[in-house]
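Residue numbers start from 1 in every chain, and the chains themselves are labelled A, B, ... in the order their sequence lines are given, proteins ahead of strands. All values derive from a computational prediction rather than experimental measurement.
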Amino acid sequence: MQIPLKVYNSLTKQKEEFQPINPPFVGMYVCGPTVYSDVHLGNVRTFLSFDVIYRYLQHLGYKVRYVRNITDVGHLTDDADEGEDKIGKKARLENLEPMQIVQRYSNDFHNVMELFNILPPDIEPTATGHIVEQIEMIKALMNKGLAYEVNGSVYFDVSKYNENNHYGELSGRVLEELMSGSRTLDGQDEKRNPVDFALWKKAVKGHIMRWHSPWSVGFPGWHLECSVMSAKYLGETFDIHGGGMDLKFPHHECEIAQSQGATGKSPVKYWLHTNMLTVNGQKMSKSLGNSFLPHQLVTGEHELLDQPYSPMTVRFFMLQSHYSSTLDFSNEALKAAAKGYKKLINGLRIAKSLEYTEDGGGLNEKVLKQIDQIIENIYRSMNDDFNSARVIAQLFNLLKKINSLQTKNLKFGELGKEGFEKLINTFADFVENVLGLREEKPEDVDGILDILLKLYAEAKAEKNYDKVDEIRSLLKERGIVLKDMKDKIDWAYEE
RNA sequence: GGUCUCGUGGCCGAGUGGCUAGGCAGAGGUCUGCAAAACCUUUUACGGCGGUUCGAAUCCGCCCGAGACCUCCA
């Protein structure tokens with residue numbers, strides 16, 4: 001396609017043509033979850049957005065290396081770098097080894113990702129697996145005079161960094177204002193400046209997760225792992241760094257400062273930020289207590305939910321908005337999405353089942369042109385900062401053609417074999433591979449079997465033995481045998 | 001208070017200086033034993049006030065309203 005891919009770069013605050021540093025390779029890093037509690041739907045939105053970006057880049061032929069970390073070091077509950085370690089706290093409360101907490105919620109996270117058909121990244125590094133590398137980066141920063149040690153803890157010297165760099169370039173902060181705006185913490189603070197942040201924290205008594213370092217037995221600062229792991233797997237400068245808006249400051253700002261401080265290079269070419277999921281206009285977040293857990297959605301067991309919604313309904317719902325807009329979560333919107341999703345996925349089933357047959361129609365240039373136009377619009381939309389909402393709109397337009405083929409309102413011959421294949425393949429490819437929507441078959445297989453058993457019983461009662469034999473043999477082909485019992489009919493797997 | 005985003009028809013949600021978003025809901029029609037689905041047609045719109053322009057919902061200013069970040073958060 002001739003239309004170039006453009007992405008909105010949060011760093012430059014404008015849409016830019018996407019040009020990878022080393023085509024056809026693309027390096028993409030996305031901040032993953034901290035595994036100390038269940039992921040909620042807001043978290044899912046971010047990973048879903050980058051899933052579609054990942055899928056589309058691959059669709060365009062790029063060789064993408066997608067890295068998404070797992071934060072399994074317990075970071076502190078407030079940014080004064082005080083407070084309790086979240087994983088350690090949970091471990092203590094539940095009387096578990098911290099790594100049990102980490103494992104449990106990592107497993108849960110992976111299950112949720114699979115539920116929403118979010119592809120796994122190529123590399124999923126953990127913070128605890130890269131303590132050595134983090135220590136190395138701290139050393140490098142200390143050697144450059146950008147970090148200082150106090151009582152076994154090491155802090156990043158933001159004002160020092162700002163002398164030759166621009167701290168705040170991503171989030172639009174001005175250091176002076178940050179410094180005047182932040183309260184000086186009473187007495188105990190080890191930092192030279194409130195805006196400085198921890199690279200290494202000495203473990204206080206009772207802190208469970210701890211490692212040896214040249215400075216103390218302790219643990220690394222929150223921002224450090226992303227700088228370290230992205231550099232390790234993608235290089236000191238790589239193409240795309242993603243994450244939720246709420247990580248822009250301070251997390252991503254600090255990441256830039258660390259990386260640039262250590263290497264002298266700007267680490268990321270394109271910064272992409274996804275917007276928040278809201279509930280009644282308010283951000284969904286753990287701390288506000290208005291978050292939905294994925295399983296609550298699927299079961300419908302939540303006071304704000306009228307009914308259950310399937311994972312693909314939610315996926316479809318989220319893709320109907322642009323990743324950089326807030327999206328409000330409501331029953332009405334979800335119900336509409338459920339119907340829309342089913343319409344689209346019915347189309348996918350039809351698309352896959354249609355076979356081209358010569359039915360005497362002559363080529364219809366007008367329809368062919370329409371289809372070409374729609375397909376071009378699909379690429380145009382996706383290339384415009386991954387506008388999945390517009391892609392879906394166009395897919396519904398293709399769907400009309402597909403449905404018309406099925407109902408014979410449109411003849412195969414009008415499209416010709418080539419036109420037909422383009423229609424079907426584009427539709428199926430975008431629905432399944434780019435948007436990642438998959439068919440959700442009814443799970444109630446038992447219920448469907450019951451219906452067959454009922455028909456079988458009726459046929460027997462009518463002594464319609466042809467029908468009886470037919471049902472029996474058809475089920476047998478599927479590995480299911482019927483059992484005529486004295487008082488009822490049952491079934492079993494064929495042995 | 002500082003920085004920033006948004007305000008689109010009954011609901012959700014794209015987009016754009018003049019050319020159909022789309023889904024859901026509503027209306028009419030075709031098809032159908034009935035129904036559903038599908039297809040065709042169709043109603044409802046760009047927070048307010050100014051300005052730029054031949055023309056703005058789209059650009060600019062002001063106002064009103066909502067939200068995000070500035071503390072852990074995707």
Participant: May I ask which nucleotide in the shown strands pairs with B/A68, Watson-Crick or G-U wobble, both distances under 3.5 Å?
Facilitator: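 WC or wobble partner is B/U3.
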Participant: Looking at B/A38, B/G2, B/C70, which one has an atom nearest to any side-chain atom of A/Glu177?
Facilitator: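 For A/Glu177, the side-chain atoms sit closest to B/G2.
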Participant: Does B/G9 pair with anything, Watson-Crick or G-U wobble, both distances under 3.5 Å, and if so, with which nucleotide?
Facilitator: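 Looking at the geometry, B/G9 pairs with no nucleotide.
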Participant: From C-beta outward on A/Asn409, which listed nucleotide comes closest to its side chain: B/A14, B/A74, B/C39?
Facilitator: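 In terms of side-chain proximity for A/Asn409, the closest of B/A14, B/A74, B/C39 is B/C39.
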Participant: Counting Watson-Crick and G-U wobble pairs only, both distances under 3.5 Å, name the nucleotide matched with B/G17, or none.
Facilitator: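 With both distances under 3.5 Å required, B/G17 matches none.
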Participant: Looking for any heavy atom pair under 4.0 Å, which part of the strands does A/Ser285 touch: base, sugar-phosphate only, or nothing?
Facilitator: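 The answer is base, as A/Ser285 lies within the cut-off (heavy atoms under 4.0 Å) of a base atom.
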Participant: Please name the nucleotide paired to B/G61 by Watson-Crick or G-U wobble geometry with both distances under 3.5 Å, or report none.
Facilitator: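 Result: B/C49.
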Participant: For a quick check of understanding: with a heavy-atom distance under 4.0 Å over all strands, which category does A/Gly281 fall into, base, sugar-phosphate or nothing?
Facilitator: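 It contacts sugar-phosphate atoms only.
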Participant: When you measure from the side-chain N and O atoms of A/Lys286 to the phosphate of B/A74, is any distance below 4.0 Å, counting only OP1 and OP2?
Facilitator: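 For B/A74, OP1 or OP2 has a side-chain N or O of A/Lys286 closer than 4.0 Å.
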Participant: Report yes or no: is the cationic atom of A/Arg173 (NZ for Lys, CZ for Arg) under 6.0 Å from the centre of the six-membered ring of A/Phe249, at an angle within 45° of the ring normal?
Facilitator: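 Pair A/Arg173/A/Phe249 counts as cation-pi.
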Participant: Which is true for A/Ser324 with a 4.0 Å heavy-atom rule: it touches a base, it touches only sugar-phosphate, or it touches nothing?
Facilitator: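 Since no nucleic acid heavy atom lies under 4.0 Å of A/Ser324, the category is nothing.
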Participant: Looking at A/Glu432, A/Arg438, A/Glu440, which one forms a side chain to side chain donor-acceptor pair (under 3.5 Å) with A/Asn117?
Facilitator: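 The residue from A/Glu432, A/Arg438, A/Glu440 that satisfies side chain to side chain donor-acceptor pair (under 3.5 Å) with A/Asn117 turns out to be A/Arg438.
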Participant: Looking only at side-chain atoms of A/Ser404, point me to the closest of B/A14, B/C39, B/A74.
Facilitator: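 So the nucleotide nearest the side chain must be B/C39.
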Participant: What is the base-pairing partner of B/A38, counting Watson-Crick and G-U wobble geometry with both distances under 3.5 Å?
Facilitator: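 Base-paired to B/U30.
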Participant: Whole angstrom is fine here: how far is it from CD in A/Gln406 over to C1' in B/U30?
Facilitator: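 Taking CD of A/Gln406 and C1' of B/U30, I get 16 Å after rounding.
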Participant: Quick one, give me the B/S/- string for nucleotides 16-23 of chain B, reading 5' to 3', where B means a protein heavy atom under 4.0 Å from the base and S means that only happens at the primed atoms, P, OP1 or OP2.
Facilitator: -----BBB
Participant: May I have the distance from A/Phe317 (atom CZ) to B/C12 (atom P), rounded to whole angstrom?
Facilitator: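 My rounded result for the distance is 10 Å.
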Participant: Considering every strand and a 4.0 Å limit on heavy-atom distances, what is the contact class for A/His273: base, sugar-phosphate, or nothing?
Facilitator: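 Touches nothing.
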Participant: Kindly indicate whether a cation-pi arrangement holds for A/Lys90 with A/Tyr105, taking the cut-offs as under 6.0 Å to the six-membered ring centre and within 45° of the axis.
Facilitator: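 So A/Lys90 doesn't make the cation-pi contact.
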Participant: With nearest nucleotide decided by heavy atoms, which residue, A/Cys31 or A/Ser325, maps closer to the 5′ end of RNA chain B?
Facilitator: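 The residue closer to the strand's 5' end, by nearest nucleotide, is A/Ser325.
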Participant: Using side-chain heavy atoms (C-beta onward) and a distance below 4.5 Å, is A/Ile87 in contact with A/Val73?
Facilitator: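 They are not in side-chain contact.
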Participant: Please state how far atom CG in A/Asn290 lies from atom P in B/G67, giving the value in whole angstrom units.
Facilitator: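 Nearest whole value for this atom pair: 13 Å.
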Participant: Looking at every strand, decide which applies to A/Ser287 at a 4.0 Å heavy-atom threshold: base, sugar-phosphate, or nothing.
Facilitator: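 A/Ser287: base contact, heavy atoms under 4.0 Å.
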Participant: Within the 4.0 Å heavy-atom criterion, would you say A/Asn275 contacts the bases, only the backbone, or no part of the nucleic acid?
Facilitator: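 Counting heavy atoms under 4.0 Å across all strands, the contact made by A/Asn275 includes a base.
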Participant: Looking across every strand, which nucleic acid part, if any, lies under 4.0 Å from A/Lys283 by heavy atom: base, sugar-phosphate, or nothing?
Facilitator: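 Base: the residue A/Lys283, judged by heavy atoms under 4.0 Å, touches a nucleobase.
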Participant: Which nucleotide, B/A74, B/A14, B/C72, lies nearest any side-chain atom of A/Met284?
Facilitator: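 The answer is B/A74.
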Participant: Mind checking A/Leu277 for me? I need base, sugar-phosphate or nothing, with any heavy atom below 4.0 Å counting as a touch.
Facilitator: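 Base, at least one base atom sits under 4.0 Å.
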Participant: In Watson-Crick or G-U wobble terms, both distances under 3.5 Å, what is the partner of B/U44?
Facilitator: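 Across any shown strand, B/U44 pairs with none.
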Participant: With respect to the side chain of A/Met276, which nucleotide from B/C70, B/A14, B/A74 is positioned closest?
Facilitator: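 So the side chain of A/Met276 is nearest to B/A74.
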Participant: How long is the line joining NE2 of A/His322 and P of B/C6, in whole Å?
Facilitator: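 Result: 12 Å.
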